[in-house]
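Working notes, structure below.
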Amino acid sequence: MANVIVIGAQWGDEGKGKITDLLSASADVVVRYQGGVNAGHTIVVQNQTFKLHLIPSGILYPDTECIIGCGTVIDPQVLIGELDRLEQLNISTRNLLISENAHVTMPYHRLIDQASEERRGSYKIGTTKRGIGPTYADKSERTGIRVLDLMDSQGLRQQLQWTIAYKNVILEKLYNLPPLAPEQVIDQYLVYAERLRPHVVDTSLKIYDAIQKRRNILFEGAQGTLLDLDHGTYPYVTSSNPVAGGACVGAGVGPTMIDRVIGVAKAYTTRVGEGPFPTELDGELGEKLCDRGAEFGTTTGRQRRCGWFDAVIGRYAVRINGMDCLAITKLDVLDELAEINVCVAYEIDGLRCEDFPSNARRFARCRPIYKTLPGWQQSTVHCRSLEDLPQEALNYLKFLAELMKVPIAIVSLGASRDQTIIVEDPIHGPKRALLHANGKPASLEV
């Protein structure tokens, strides 16, 4: 039995969907613990592409129980759309469970998010405008609508009459937008409620029961460490806690019930939206990485900013999450490069800094210090073991493992499930140094 958290070690979009899908083959339960429809996971199975926003990646395995925990915020319209699309593809959703305590994204959340971001002008933070921040704000303000509220038609009607009247004042007076019609919103959400009702349970109890039965549980987050509300590059962050600690709160389990934390990082770095990005590449090389890596957001379609691998934020992610091992994705995107840079430290105001600065203003002044490694300039997409990789690619992976001070368990070389090298089972395997100096599997204890 193993209870494992999968987290993003960069700014999100690291390929967690594929890694979670792979690990779900060994999981009995997969739990989504935070975020909302501002995130997306893309999974490719037998040339078929699935884009999931709220439903856990494990849904593609018919016997896996999938749970949306209380730390998520749920847009019922989007969730029902996902359910419909999966069922049209003959993928069963009977094993999907939704926390009754999860908060619900309402139409006024989306409108306020869009209007607020537009009003920021040059100070915009890059929100997806899906209403996630305002939903979490209402949760903190204790005026939010929860899934259990949707299940009580009379109570929902009373609650929304007051809430929509209040939000209409904000929409009209602050943003000069037309008001919402309360009855129209209420009637629509009552329809959503009936569709979702069979899936709504006390998910914390379900997870606890699964732990007691010694079932394998996989906790998946959205976004990445550097977008964490408390530990990311604030204010250019999301509105929840994608870090490993957020899994306990967002799923409703105690920290002693977690066995392992797996971090996912690209072989380079990307970022969507605004905010500092020390290793960002402008011009032709950045565009090349974007094109080869198909770097466009699953949720928004926005082009991702691309740059060299940043080991400073990588080490920070290891520390904040207590990572046991790493999955490196999209190594194949670097196949054509003659030289590859890796950021090993920053220069801040003339001084070398090897640790991520918690001060956002200092981070904005960081300049990368690079180590240049030779590329391999040959395709790796058909490699299925470490022995198949070019020596330069093995050296690159070993260098990343040494910089991050954590072993590499998985190497991904494309979007499909089979385009993967499993160095060692990251769920059940021992905590060992998985890449030796010659690139062969090693049994050296970390």
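Position 1 is the first residue of the sequence, and the numbers go up from there.
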Is any side-chain heavy atom of [Y] closer than 4.5 Å to one of [X]?
X    : Y    : value
I145 : Y189 : no
I67  : F219 : no
L160 : Y108 : yes
Q10  : K266 : yes
P56  : L96  : yes
E183 : Q161 : yes
K16  : E220 : no
L148 : V200 : no

Do the side chains of [X] and [Y] get close enough for a salt bridge, i.e. N-O under 4.0 angstrom?
X    : Y    : answer
R271 : D310 : no
E354 : K405 : no
R130 : D75  : no
D84  : R195 : yes
D209 : R215 : no

Exercise for the section: Indicate the atoms forming the closest heavy-atom contact of T105 with G131, along with that distance. Expected result: CG2-O, 4.1 Å

Flag for [Y]-[X]: side-chain donor and acceptor within less than 3.5 Å:
X    : Y    : result
S412 : K18  : yes
T127 : D113 : yes
H109 : D138 : yes
D332 : T380 : no
T225 : D228 : no

Completion exercise
Interatomic distance, CD1@I19 vs CD1@I262, rounded to 0.5 Å, equals 9.0 Å

Practice task
Kindly compute the distance separating OH (Y175) from CG (L111), expressed to the nearest 0.5 Å.
Solution key: 11.0 Å

Exercise for the section: Verify the neighbour count for atom OH of Y234: are there more than 12 heavy atoms of other residues, nucleotides or ligands below 6.0 Å? Expected result: no

